[in-house]
Amino acid sequence: MGRYTLRRLLQLIPVFLGSTFIVYALVWGLSDDPFAGKCGQRACSPAYIAVMTERYNLDDNIVVQYLKYLGALFTGDFGQTASGTEVADVIANAYPTTIKLAIVALVIEAVIGILAGIVSGLRGRGFVDSLVLVSTLFLISLPVFVTGLVLKQVLGVELGIIRTSVPNDPSIADLIVPGFVLGSLSMAYVARLTRTSLIENTRADYVRTAVAKGLSRRRVVGVHMLRNSLIAVVTFLGTDLGALMGGAIVTEGVFNIRGIGGLVFKGILQQDTATVVGIVVLLVIVYLIANLVVDLLYAVLDPRIRYD
């Protein structure tokens, strides 16, 4: 396991370098005039251009720019915004809220999705199975912003159960409904994926062997079927964590959550490239770590998997 973990960590290095370079090049290297539109309708002053050129090493070619940015990044320096604020400070203020929201969404989609998939998969064709299939299809069909606006209007405006605007330092309770909205689409996929995996494993040879040995249904399902069926689900959940953090822009906008999504949206509107690049680089790191954890969990779920 130790050698496998080390090998996987080494494999993450070229992936990190390649993905972050592509992002950096797309943001900084494709524009002939990196200052176009940054100063509104008027052209930027020569003094401003000189300061920004020196700050972001724009006189160098794109590879040298990236290497210098990467060197500063390893020291914790994400650069500065156009207004002179440290990007690291801006991210540090917004990121905890988004992490909390993403974790709430991940827990909701995992718990509800897996439970719904188990019930549907074990019951077979019937009312419960049809209810789960119809409900998940309904969630998949609805855009996230529609789900958010409906729940905000019904639960917040009409019933007064939730706040229509999440406070600056939200508690877990404040993020339950936004977390449900953020994870609703993935929750539907988790339920369907769990259901399909259970149905497929019901006909597997190892399940027939366990039943022939006289094992109880609870042990056959819990120890054998469920662990193997959850491998695909865990893979989906692991890759979805990074997507939840990057895809929280709409949900944060609907519920006025001051997180990383709103920060990205604001950075794009203001063409604050340093902020956008810094956040994307951080999301790449989170995504790679989540995938590594998922790979290591395979051996826990399936004892047949061994890492040399």
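Every heavy atom of this structure was used, including side-chain atoms; hydrogens, water molecules and symmetry mates were not.
Side chain of Lys100 to backbone of Pro170: a donor-acceptor contact under 3.5 angstrom is found. Thr75 places a side-chain N or O within 3.5 Å of a backbone atom of Ala72 that can act as its donor or acceptor partner.
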Distance-only donor-acceptor pairs under 3.5 Å for side chains of residues 141-158, two or more places apart:
| residue | atom | partner | partner atom | Å |
| --- | --- | --- | --- | --- |
| Ser141 | OG | Leu137 | O | 2.7 |
| Thr147 | OG1 | Pro143 | O | 3.4 |
| Lys152 | NZ | Val254 | O | 2.8 |

Side-chain donor-acceptor distances from residues 87-96 under 3.5 Å, at least two apart:
| residue | atom | partner | partner atom | Å |
| --- | --- | --- | --- | --- |
| Asn93 | ND2 | Asp89 | O | 3.1 |

For residues 101-117, tabulate all N or O donor-acceptor pairs below 3.5 Å that involve a side-chain atom, not counting sequence neighbours.
none

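Crowding of Asp169 atom CG: a count of heavy atoms from other residues, nucleotides or ligands under 6.0 Å not exceeding 12.
Residues satisfying the side-chain contact (heavy atoms from CB on, under 4.5 Å) criterion with Leu288, sequence neighbours excluded, are Leu12, Val15, Phe16, Val284. Take Tyr69 and apply the side-chain contact (heavy atoms from CB on, under 4.5 Å) test, not counting sequence neighbours, and it matches Tyr24, Leu73, Phe78, Val277, Val281. A search for side chain to side chain donor-acceptor pair (under 3.5 Å) contacts involving Tyr287 returns nothing, not counting sequence neighbours. Glu200 pairs by the side chain to side chain donor-acceptor pair (under 3.5 Å) definition with nothing, not counting sequence neighbours. Taking Asn168 as the reference, Arg258 meet the side chain to side chain donor-acceptor pair (under 3.5 Å) condition, with sequence neighbours excluded. The salt bridge (charged side-chain N to carboxylate O under 4.0 Å, His left out) check on Asp174 picks up nothing, with sequence neighbours excluded. Listed by chain and number, the residues in a side chain to side chain donor-acceptor pair (under 3.5 Å) with Ser120 are Asp129, Arg195 (sequence neighbours excluded).
Of all heavy-atom pairs spanning Val166 and Pro178, the tightest one is CG2-CG, 4.2 Å. Between Leu133 and Thr136, the closest heavy-atom pair is O-OG1, 2.9 Å. Taking both residues in full, the closest heavy atoms of Ile140 and Ala188 are given as CG1-CB, 3.7 Å, listed atom of the first, atom of the second, then distance.
A 4.5 Å side-chain heavy-atom check between Val132 and Val119 finds every atom pair outside the cut-off.
Residue pairs meeting the salt bridge (Lys or Arg N to Asp or Glu O under 4.0 Å) criterion with at least one partner in residues 66-75, sequence neighbours excluded, are Asp60-Lys68.
When the side chains of ILVMFWY residues are joined at heavy-atom separations under 4.5 Å, either directly or via intervening members, Leu182 and Ile172 end up in a single hydrophobic cluster.
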